[in-house]
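Here is the structure we will look at.
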Amino acid sequence: MTDTSSAKIVLITGATGYIGRRLTHRLLETGSYRLRVLVRNRHKVQVALADQVEVREGSTFDRISLAAALAGVDTAFYLIHSMGAEANYRELDQQSAENFRTACIAAGVRRIIYLGGLGVRENASKHLLSRIETGEILAAEPDRIETIRLRAGVIIGSGSASFEIIRNLTQKLPVMITPIWVRTMTQPIGVEDVLSYLQASIDLASKGDLVIDIGAERLSFQQMMEQAAKVMGLRRLLLPVPVLSPRLSAYWLILFTPIPYKLAAALVEGLKSETVLQNDHAARFFPDIQPMPFRDAVAAAVRELENNQVISRWCDSSGRQACDIKDFEDPAGAILRDVRIVPFTDGEKAVEVFRSACSLGGRNGWFRYNYLWRLRGLLDKLVGGYGLNRGRRLHRDLRIGDALDFWKVVDIKEGKRLLLYAQMKLPGQAWLEFDIQADRLVQTAHYLPRGVFGRVYWYAVLPFHNFVFADLARTVVQNSRPSPDGGDL
C-alpha cells in the first residue's frame, strides 16, 4: 500500500454522491494524496473505502464539524448542491457555500475546486442559477483563497441522471413525442473526462479565481437521443411538438424513467436554456485532456452497466425519499428494491452472520420457502435458464466468480458483504445483497427492469417477496447463532 502520510490532504465533500464517489475512487488509485471525506452519515461510505480514507461526519451547516474536517487540508472539493430538495434550496445553497468558503479561509486551505453547471445567468433555470450563484460565493475572496470553478453540462456515465433518462426513454419508446425544446443545444461530457479535469485541477498552476467550461461536441438533446439509440443498436423516431408543458414533460419522465418528479422537473426546466461553453480555458489549461465524443461516452456507460461495475448513481447522496441507498452500496443502477433489516445482538457476531449468508444455496437450500425457490428454478429451466441444478462449488466457502444455483457471486468483502448477480431468465437484471453491519443485517434485492414488462414482473412477484425475503433475512441471522454444544446449527 502506498505511504501517503506526508502527502497533501485533499477533502471531498459530497463524497457519497454521484461524482464524489467516483472521484474518491479515482484519487485513491493514484496513491498521491491523503483523502478525507465529509459526509452526513459515515455509514454511507462504502465498506471498501472506509479503511482507505479519513471519514469525518458533519455538514457545511455545522461550523464545528466543518472546521475539524478542514484542519490541515490543502485542497477542498465542493461537490454539494440541493437540486430542489427543499423549497428554500436556493437560500440553503448560498448559506452552505458561504459557510464553506469562510471555514476554508480560517483553516488555511489553499484551493477550493467546485463543479457547477454550464449556462449564463440571463437565461438560466432556477436550479442552474443557484449553481452559478454557489460558484460565485465560493470565489468571492480570490485574494484570500484560490478557486477553480469547473462548469459542465450534461454528464454521461452509467448511473447519472442524464444517462438514466436517455437510456430508459431510448430503450422503452420506439416513437417519442417530445417538447419543442429538445432542439436546445448543449455540450455533454463523459463522466471519466469530468473526473480527469477535477483531478488535474488539484495541482494546476493558477492563482485567484479561474472559471473553466468543459464539454465535448455541441449537440441538441434530440441529437443526443438519436445517437444514443444508434449506440444501443436501436432505431428511434422523435417528434417534437409545441404543446408539451414542462409539468407534463416531467410527468412523462417519471412514467418511463427512475427519476423522481422534483428532479425530473428541475432537469426539464434546464432543457429550455442553452448550456454551451463560454470560454476555451479547458483546452488552454488542460491540453492533455481530450474529451471523448458523445457516442463513446454512451458506449462506455452501457459497458459499465452491462459489466455490473457501476460505482455510483445519481441518487447516492439523496437525503430524502428519492432513492436513498441508506447503509449499503448501490449495484449497477438498480431502481427497484426490497430491503430487509434484521438486528442482532453482540452474541451473534457479524462474522457468523456473514458465514451464514455464504452458506446459502446448493444442498443447503434457501430455508423455509425452499420449495418456492425450487419452483422458480424449474420455471427458469423450462425457459432455457440455469435453474438450481448448478448448486455450489463448496458446502460453505464462496469466492468471486462462483456459481450459486441461478446466482453468480460478483463481490465478497470478508465478514462484511456478499453480492449475488441473478443469472436466471428475467425481464431485467437482479442482484441479492447481504450487507453485514456491526449490529444488523441489511439484505437487499435490487432490480433493474427492462421495459414495461420488467416492471410488471416485479410487481407480480412482489407479494411473494413479503414472506420469501423476510424469511431469508431472518433465518440467515438465526442460523448464525451457535448451538448449545458449540457447533453450527
Side-chain angles (χ1 to χ4, degrees), residues 41 43-44 46-48 323-332 334-377 388 391-392 395-398 402 404-424 426 428-448 457-483 488-489:
N41 181 353
H43 296 297
K44 291 183 69 173
Q46 293 166 278
V47 172
C323 184
D324 197 1
I325 61 167
K326 298 190 188 297
D327 299 333
F328 52 88
E329 185 180 348
D330 179 35
I335 66 172
L336 297 170
R337 298 185 182 86
D338 182 294
V339 182
R340 307 287 167 168
I341 300 176
V342 180
F344 49 82
T345 65
D346 292 340
E348 300 155 355
K349 302 299 184 183
V351 66
E352 295 301 328
V353 176
F354 174 77
R355 289 173 182 167
S356 178
C358 288
S359 69
L360 289 168
R363 290 187 294 111
N364 302 328
W366 296 86
F367 304 138
R368 180 178 178 182
Y369 295 105
N370 192 52
Y371 67 94
L372 288 177
W373 290 92
R374 290 191 174 279
L375 177 60
R376 182 62 180 85
L388 298 183
R392 51 182 296 150
H395 181 55
R396 296 189 69 85
D397 181 62
L398 288 177
D402 272 0
L404 181 59
D405 293 335
F406 43 45
W407 303 93
K408 187 178 186 67
V409 180
V410 293
D411 189 40
I412 291 182
K413 301 287 188 301
E414 185 64 32
K416 296 179 178 179
R417 183 183 190 238
L418 171 65
L419 181 63
L420 307 177
Y421 174 64
Q423 293 187 303
M424 67 191 82
L426 285 170
Q429 293 179 290
W431 297 258
L432 183 59
E433 180 182 37
F434 299 89
D435 177 19
I436 295 86
Q437 301 179 8
D439 60 353
R440 73 189 67 183
L441 165 67
V442 181
Q443 173 192 285
T444 309
H446 305 264
Y447 184 58
L448 177 63
Y457 171 84
W458 171 266
Y459 290 109
V461 300
L462 200 56
F464 298 99
H465 289 179
N466 289 329
F467 44 90
V468 170
F469 284 133
D471 171 76
L472 183 63
R474 184 172 57 251
T475 312
V476 163
V477 171
Q478 289 176 348
N479 278 14
S480 70
R481 300 185 181 120
S483 62
D488 291 336
L489 287 175

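What's counted below: heavy atoms across the whole structure, side chains too, no hydrogens, waters or symmetry copies.
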### Query
Do D435 and Q437 pass the side chain to side chain donor-acceptor pair (under 3.5 Å) test, and can you show the C-alpha distance, the side-chain angles, and the key distance before you say yes or no?
CA-CA 6 Å; D435 177 19; Q437 301 179 8; 3.0 Å; yes
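- When the salt bridge (Lys or Arg N to Asp or Glu O under 4.0 Å) test is applied to R368, no partner is found at least two apart in sequence or on another chain.
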For a quick test of your reading: what N or O donor-acceptor pairs under 3.5 Å do the side chains of residues 457-465 make, sequence neighbours left out?
unit_1	atom_1	unit_2	atom_2	d
Y457	OH	R376	NE	3.4
Y457	OH	R376	NH2	3.3

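- The closest donor-acceptor contact from the side chain of N364 to the backbone of S359 lies under 3.5 Å.
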### Task
Go through L472 and W373 one step at a time and tell me if the side chain to side chain contact (heavy atoms under 4.5 Å, CB included) criterion holds.
CA-CA 11 Å; L472 183 63; W373 290 92; 4.1 Å; yes
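- Not counting sequence neighbours, the partners of A473 by the side chain to side chain contact (heavy atoms under 4.5 Å, CB included) test are R340, V342, L441, Q443.
- Interatomic distance, CG of L432 versus OH of Y421, reported as 14.0 Å (0.5 Å rounding).
- Here the shortest heavy-atom pairing between L398 and I412 reads O-CD1, 3.6 Å.
- Closest heavy-atom contact between V468 and L372: CG2-CD1, 3.7 Å.
- Taken from CD in E414 to CZ in R355, the straight-line distance is 7.5 Å, to the nearest 0.5 Å.
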### Task
Could you go through the side chain to side chain contact (heavy atoms under 4.5 Å, CB included) check for W366 and R374 one step at a time?
CA-CA 9 Å; W366 296 86; R374 290 191 174 279; over 6 Å; no
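- Every residue two or more places apart in sequence or in another chain that forms a side chain to side chain contact (heavy atoms under 4.5 Å, CB included) with A422 is listed here: W407, M424, L426, A430.
- Annotation: salt bridge (Lys or Arg N to Asp or Glu O under 4.0 Å) contacts involving residues 458-471, sequence neighbours excluded, comprise D471-R474.
- Between the CD1 atom in I341 and the CG atom in D439 there is a gap of 10.5 Å [rounded to 0.5 Å].
- Rounding to the nearest 0.5 Å places NZ of K413 at 8.5 Å from CG of L419.
- The shortest non-hydrogen separation linking S356 to N479 is OG-CB, 3.5 Å.
- Put simply, CG on L420 and CZ on F406 are 10.5 Å apart, with the number rounded to the nearest 0.5 Å.
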#### Entry: Pair V476-F367, side chain to side chain contact (heavy atoms under 4.5 Å, CB included): steps then yes or no
CA-CA 9 Å; V476 163; F367 304 138; 3.7 Å; yes
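- In this structure, Y447 OH and R337 CZ are separated by 14.0 Å, a value rounded to the nearest 0.5 Å.
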